[in-house]
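Here the structure comes first, spelled out in structure tokens, and everything after it is commentary.
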Amino acid sequence: MSVLFQLLAAVLDRPFDDTLRGDLSDELTAAGNWDWTFLLPFVLTHPDSDGPRLLIADWLAEGGPAEVTRAAFIRAQSRLSRALDVCGGGAGADPQVGPLTEEVGRLAARLGERLGDPAVLTGPVTVVPGGECVTVRAADGEFDYLRGFVARVRLPTGAFLASAAGLFARHPITTVRLTDKTPMPVLGGAWWWADSCLAPSEPACLARYVPPELYQALTGALAPDGQSRQGVSPADLTFPTAAAAVSALSSACVTYGRAMAADRPAF
């Protein structure tokens with residue numbers, strides 16, 4: 001194993017070791033020109049590690065004022081996440097939680113609309129700090145930032161389909177809520193998503209209808225790498241609760257987004 005990959009493995013294991021990250025940055029520089037987008041695939045493939053995120057922050061910290069602020073935001077959110085058990089949880093015993101929460105709020109306010117994405121969230125955006133979570137809210141959707149990157153999105157179906165490839169190429173998104181979709185109750189107390197809509201002028205029909213590209217992922221016929229596989233029959237695709245149906249659609253959206261982003265550059 002080369003020194004470069006040895007250092008990368010060490011950083012993934014010990015992300016807050018500043019010396020290790022510095023050594024890896026030096027090796028990357030020695031290996032050739034690189035910028036922070038080079039590290040995005042490592043953020044996407046190692047979503048539980050802060051190492052690639054903090055390496056990106058290290059690179060951004062060498063840039064202009066906006067990049068320096070974004071670097072500080074990534075670092076503060078990552079350190080706050082480590083100090084808290086769950087997003088929105090209590091202060092806990094770590095004395096850093098209070099100061100880090102305030103720092104995340106200050107940095108988010110300073111970044112403001114730069115945390116949004118004008119290709120996705122149209123019109124003015126509002127940045128709402130909430131402990132470990134920072135929500136970027138517009139009239140047509142919301143992003144939740146965790147550990148410096150978007151982790152959760154809430155969008156109408158059309159906006160999600162149009163932006164999924166770009167969003168998933170730039171952010172390790174784990175949850176998607178389609179704000180215009182609601183599952184349908186069926187006999188026996190189960191819940192279901194429809195694969196067709198016979199009355200598109202009826203809002204209720206459209207609300208339970210899932211378009212084909214997402215339905216393929218919902219049945220398991222689309223893998224995150226974009227490959228097709230055998231899925232379950234739509235007739236067997238029922239869920240015990242409405243929440244379970246919404247969660248399954250979220251997972252299908254994540255699968256679809258990752259498949260669309262697989263061969264797309266981040267920018």
Side-chain angles (χ1 to χ4, degrees), residues 40-50 52-53 56 70 73-74 76-89 100-101 104-105 107-109 111-123 125-183 193 210 213-214 217-218 224 239 241-261 266:
L40 271 174
F42 296 100
V43 175
L44 303 177
T45 56
H46 298 84
D48 296 327
S49 174
D50 288 305
R53 300 166 191 255
I56 287 174
R70 179 68 195 280
F73 177 71
I74 295 171
Q77 268 207 314
S78 296
R79 293 183 185 279
L80 179 56
S81 179
R82 186 174 65 160
L84 287 170
D85 292 329
V86 293
C87 182
L100 283 171
T101 300
V104 166
L107 292 167
L111 287 167
E113 292 192 356
R114 286 191 292 272
L115 290 175
D117 188 328
V120 185
L121 300 180
T122 58
V125 302
T126 303
V127 178
V128 185
E132 183 187 11
C133 248
V134 170
T135 298
V136 181
R137 184 173 296 153
D140 52 355
E142 296 181 349
F143 296 161
D144 285 345
Y145 274 81
L146 289 169
R147 296 159 58 221
F149 293 84
V150 176
R152 299 189 290 253
V153 301
R154 291 175 288 281
L155 291 169
T157 304
F160 172 74
L161 291 175
S163 61
L167 279 174
F168 277 80
R170 297 191 295 273
H171 297 280
I173 297 167
T174 58
T175 304
V176 176
R177 178 68 173 100
L178 299 181
T179 55
D180 56 350
K181 297 300 176 187
T182 305
W193 293 108
V210 174
E213 51 266 71
L214 295 180
L218 188 63
F239 305 92
T241 64
V246 169
S247 178
L249 184 57
S250 171
S251 297
C253 289
V254 171
T255 296
Y256 173 80
R258 290 176 180 170
M260 294 303 99

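The structure presented is a predicted model; accordingly, all values stated were derived computationally and were not measured.
- Of the inter-residue distances, the one linking Leu249 atom CG with Leu178 atom CG reads 5.0 Å to the nearest 0.5 angstrom.
- A donor-acceptor pair under 3.5 Å links the side-chain atoms of Thr255 to the main chain of Ser251, judged by distance alone.
- Distance CG/Asp50 to CD1/Ile56: 11.5 Å, rounded to 0.5 Å.
- Across all non-hydrogen atoms, the minimal contact from Pro47 to Pro172 is CB-CB, 4.4 Å.
- Residues Leu155 and Phe160 approach most closely at CD1-CA, 4.1 Å, considering heavy atoms.
- For Pro156, the side-chain contact (heavy atoms from CB on, under 4.5 Å) partners two or more places apart in sequence, or in a different chain, are Ala159, Thr179, Asp180.
- Results of the side-chain contact (heavy atoms from CB on, under 4.5 Å) test with Tyr145 over Leu115, Leu111, Thr135, Val127 single out Leu115 as the only residue that passes.
- Side-chain atoms of Leu214 and Leu218, non-hydrogen and from C-beta on, never get closer than 4.5 Å to each other.
- Minimum interatomic distance between Leu44 and Arg170 (heavy atoms only, all atoms of both residues): CD2-C, 4.5 Å.
- Shortest non-hydrogen contact noted between Thr101 and Gly131 is CG2-CA, 3.9 Å.
- In this structure, the side chains of Phe149 and Ile74 come closer than 4.5 Å at one or more pairs of heavy atoms.
- Proximity of Glu213 to Tyr256: side-chain heavy atoms (C-beta onward) are separated by under 4.5 Å at one or more points.
- Ala165 and Ala261 make their closest contact through O-CB, 3.5 Å (heavy atoms, listed as atom of the first residue, atom of the second, distance).
- Expressed to the nearest 0.5 Å, how far CE of Met260 lies from CG of Leu167 amounts to 13.5 Å.
- Atom OG1 in Thr174 sits 7.0 Å away from atom CZ in Arg152 (nearest 0.5 Å).
- Atom CZ of residue Arg147 and atom CZ of residue Arg82 lie 11.5 Å apart, to the nearest 0.5 angstrom.
- Two residues are said to be in side-chain contact when any heavy atoms from C-beta on lie closer than 4.5 Å; Asp140 and Leu121 meet this criterion.
- Between Val153 and Phe143, the shortest heavy-atom contact is CG1-CD2, 3.7 Å.
- Atom CG of Leu161 and atom SG of Cys253 lie 7.5 Å apart (nearest 0.5 Å).
- Using a 4.0 Å cut-off between charged nitrogen and carboxylate oxygen, Arg154 and Asp144 count as a salt-bridge pair.
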